[in-house]
K.L.:
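Please read through the structure below; I'll follow up with questions.
Here the structure is a predicted model, which means the values were calculated and not measured.
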There are 2 protein chains.
Amino acid sequence: MAIFSKTCEYAMRAVFYVAQRSHEGSRVGIKEIAEHINSPEPFLAKILQKLSREGLIQSVKGPNGGFYFDAASLNRPLANIVTAVDGDNIFTGCGLGLTYCSESNPCPLHEDFKKVRNQITHMLNHTTIGKFNMGLIKGKFTLNK
Amino acid sequence: MAIFSKTCEYAMRAVFYVAQRSHEGSRVGIKEIAEHINSPEPFLAKILQKLSREGLIQSVKGPNGGFYFDAASLNRPLANIVTAVDGDNIFTGCGLGLTYCSESNPCPLHEDFKKVRNQITHMLNHTTIGKFNMGLIKGKFTLNK
DNA sequence: ATAATAAAAGATAAAAATATCTTTTATTAT
DNA sequence: ATAATAAAAGATATTTTTATCTTTTATTAT
C-alpha cells in the first residue's frame, strides 16, 4: 500500500512530463505521455480528461493537438492535481480513520500524524507543476518505471 | 484516499483497544472489539487472525477466551502491525510509484518525500501498542467513529 | 467540404480491497 | 464425556479501483 493511489501517481508523473514538453513548446498526445510515464493509456486518458474538465491542464483536439500547460498552469502547485484526483483526505484526514478526530478532540495519533500531513501538504504546495522541467530536460530525472 | 488502508486503520484501532483491556487484565472477544472500534466484525476477525498467526497478538479459544497482549507485545511498535497488514511500501516506497527511485537515483520528489516517509516511520516506531492505555482508560481518547 | 487526427465521453471489464457467511477446531466449565 | 464458547479457516459476495473498448466531437490541413 502506497501513500498515493495509482491514479494519483500516474497523474503526477503525467503532469511532470507534459509540463516539460510544454516548456519546450510542444503539445503532447495521450499515447506519447503513457509511453513515457509507463501507464495504461486509456486509464491515463480518463485521468487527464478529469484534469482537463477542471481546467488544470489544457488540451486541443485534432491534428497537432494534445495536452499542454499554459504559463499560469505551470505555476500551479501539485497539490491541485492531487486534490482533483484523490480528494483532500490526504491533507485533512485522521490517521486512524476517525471522523470525530480534530484539533480540539484529537485521536491518540493526532499530534504525530499532524506532522506527517503538514509535511505532505508542504511538499505538494511547494512543488509547482513546472518545477522539474529543467531537471527533466537535462535528463536528471525520468518518469517511467 | 487516506494514508492507511481501511484494513490498517481497523488494525491499529483494534490493537489500541485490546491493549487497553489487556492492561486491565481482560481478554476481549471479536464482537466487543468490533463494536468499540466501529468496524465490520467478520472483516476485523480476518485481520486479527493474520496478526495472531504472526504472533503479534495473543488469543485463546473457548469460554473466557479472546484476544489480548502479553507484556512483551504491549511494548512492540505500531510499525509491526502496519507492516503485517499493509507491507512495508509506506516505509520505503517512492511517492510517484517509480521502482527505480532510490537514494542514489532519486525521482523528482525523492528528497521531499523522504521527509514524509521518515516522519511516518518515526511515528510508527515510537508508538508502542500499549502507549495510549492510560489515555484510553481515562477516557481521554475514543476509537469509534 | 472532406479526410485525417486526437481528445471527450460513455459503456464495459478485470483486479484488488473490503465485507460476509459457514464450518471447523480448540478451550473451558459442568 | 458433554455442552457451550470463541477463535481459525475456508468459501463466497460486494464494492472500489484500475483498466479497456467503442463511439462521438472538435480541430486542422488539404
K.L.:
Write down the distance between CD (B:Gln49) and C1' (C:dT22), rounded to a whole number of angstrom.
P.N.:
13 Å
K.L.:
I need the CD-P distance between A:Glu9 and D:dT17, as an integer number of Å.
P.N.:
15 Å
K.L.:
Once you round to the nearest 0.5 Å, how far does CG of A:Asn125 lie from CZ of A:Arg76?
P.N.:
13.5 Å
K.L.:
If you check every side-chain atom of B:Lys61, which of D:dA8, D:dT27, D:dT18 has the closest atom?
P.N.:
D:dA8
K.L.:
Below 4.0 angstrom from OP1 or OP2 of C:dA7, is there any side-chain N or O of A:Ser52?
P.N.:
no
K.L.:
May I have the distance from B:Glu54 (atom CD) to D:dA9 (atom C1'), rounded to whole angstrom?
P.N.:
16 Å
K.L.:
Which sits closer to the 5' end of DNA chain D, A:Pro40 or A:Gly62, going by the nucleotide each is nearest to?
P.N.:
A:Pro40
K.L.:
Same hydrophobic cluster for A:Ile137 and A:Leu74, using side-chain heavy-atom links shorter than 4.5 Å among ILVMFWY?
P.N.:
no
K.L.:
Would you classify A:Leu48 as touching base, sugar-phosphate or nothing, given that sugar-phosphate means primed atoms plus P, OP1 and OP2, and contacts are heavy atoms under 4.0 Å?
P.N.:
nothing
K.L.:
Would you please confirm or rule out a distance under 4.0 Å between OP1 or OP2 of C:dT18 and any side-chain N or O of B:Thr7?
P.N.:
yes
K.L.:
Counting only heavy atoms not in B:Lys140 (residues, nucleotides, ligands), do more than 12 fall under 6.0 Å from its NZ?
P.N.:
no
K.L.:
Checking all strands, does B:Lys46 fall into the base, sugar-phosphate, or nothing category for heavy-atom contacts under 4.0 angstrom?
P.N.:
base
K.L.:
For A:Arg53 and C:dA9, is the shortest distance between a side-chain N/O and OP1 or OP2 below 4.0 Å?
P.N.:
yes
K.L.:
Identify whether A:Leu78 and A:Phe132 are in the same connected component of the hydrophobic contact network (ILVMFWY, side-chain heavy atoms under 4.5 Å).
P.N.:
yes
K.L.:
How long is the line joining CD of A:Gln58 and C1' of D:dA26, in whole Å?
P.N.:
17 Å
K.L.:
Is there a chain of hydrophobic side chains (I, L, V, M, F, W, Y, each step under 4.5 Å between heavy atoms) that links B:Ile57 to B:Val60?
P.N.:
no
K.L.:
May I ask you to verify if any side-chain N or O of A:Asn64 is less than 4.0 angstrom from the OP1 or OP2 atom of C:dT5?
P.N.:
no
K.L.:
If a pair means Watson-Crick or G-U wobble with both distances below 3.5 Å, what does DNA chain D look like in dot-bracket form, with | marking bases paired to a different strand?
P.N.:
||||||||||||||||||||||||||||||
K.L.:
Can you tell me if B:Tyr10 touches the phosphate of C:dT18, counting only side-chain N or O atoms and a distance under 4.0 Å to OP1 or OP2?
P.N.:
no
K.L.:
Tell me: CD1 of A:Ile47 to P of D:dA19, nearest whole Å?
P.N.:
8 Å
K.L.:
Whole Å only: how far is the NZ atom of B:Lys31 from the C1' atom of D:dA4?
P.N.:
15 Å
K.L.:
For A:Arg27 and B:Gly29, take the nucleotide of DNA chain D holding the closest heavy atom to each; which residue's nucleotide lies nearer the 5' end?
P.N.:
B:Gly29
K.L.:
Would you mind telling me which residue lines up with the more 5' stretch of DNA chain C, B:Val60 or A:Val60, judged by nearest nucleotide?
P.N.:
A:Val60
K.L.:
Provide, to the nearest angstrom, the distance between the CZ atom belonging to B:Phe43 and the C1' atom belonging to C:dA16.
P.N.:
11 Å
K.L.:
Look at the side-chain N and O atoms of B:Ser59 and state whether any lies under 4.0 Å from the OP1 or OP2 oxygen of D:dA6.
P.N.:
no
K.L.:
Give the nucleotide from the list C:dT5, C:dC21, C:dA7 with an atom nearest to the side chain of B:Pro42.
P.N.:
C:dC21
K.L.:
Are A:Leu136 and A:Tyr68 grouped together when hydrophobic residues (ILVMFWY) are joined by side-chain heavy atoms under 4.5 angstrom apart?
P.N.:
no
K.L.:
Measure from CG on A:Leu44 to P on D:dC21 and round the result to the nearest Å.
P.N.:
15 Å
K.L.:
Can B:Asn118 and B:Thr121 be counted as having a side-chain donor-acceptor contact under 3.5 angstrom?
P.N.:
no
K.L.:
May I ask you to say what A:Val28 touches in the nucleic acid, namely base, sugar-phosphate or nothing, with a heavy-atom cut-off under 4.0 Å?
P.N.:
sugar-phosphate
K.L.:
Side chains of A:Tyr17 and A:Arg21: do they bring a donor and an acceptor to under 3.5 Å?
P.N.:
yes
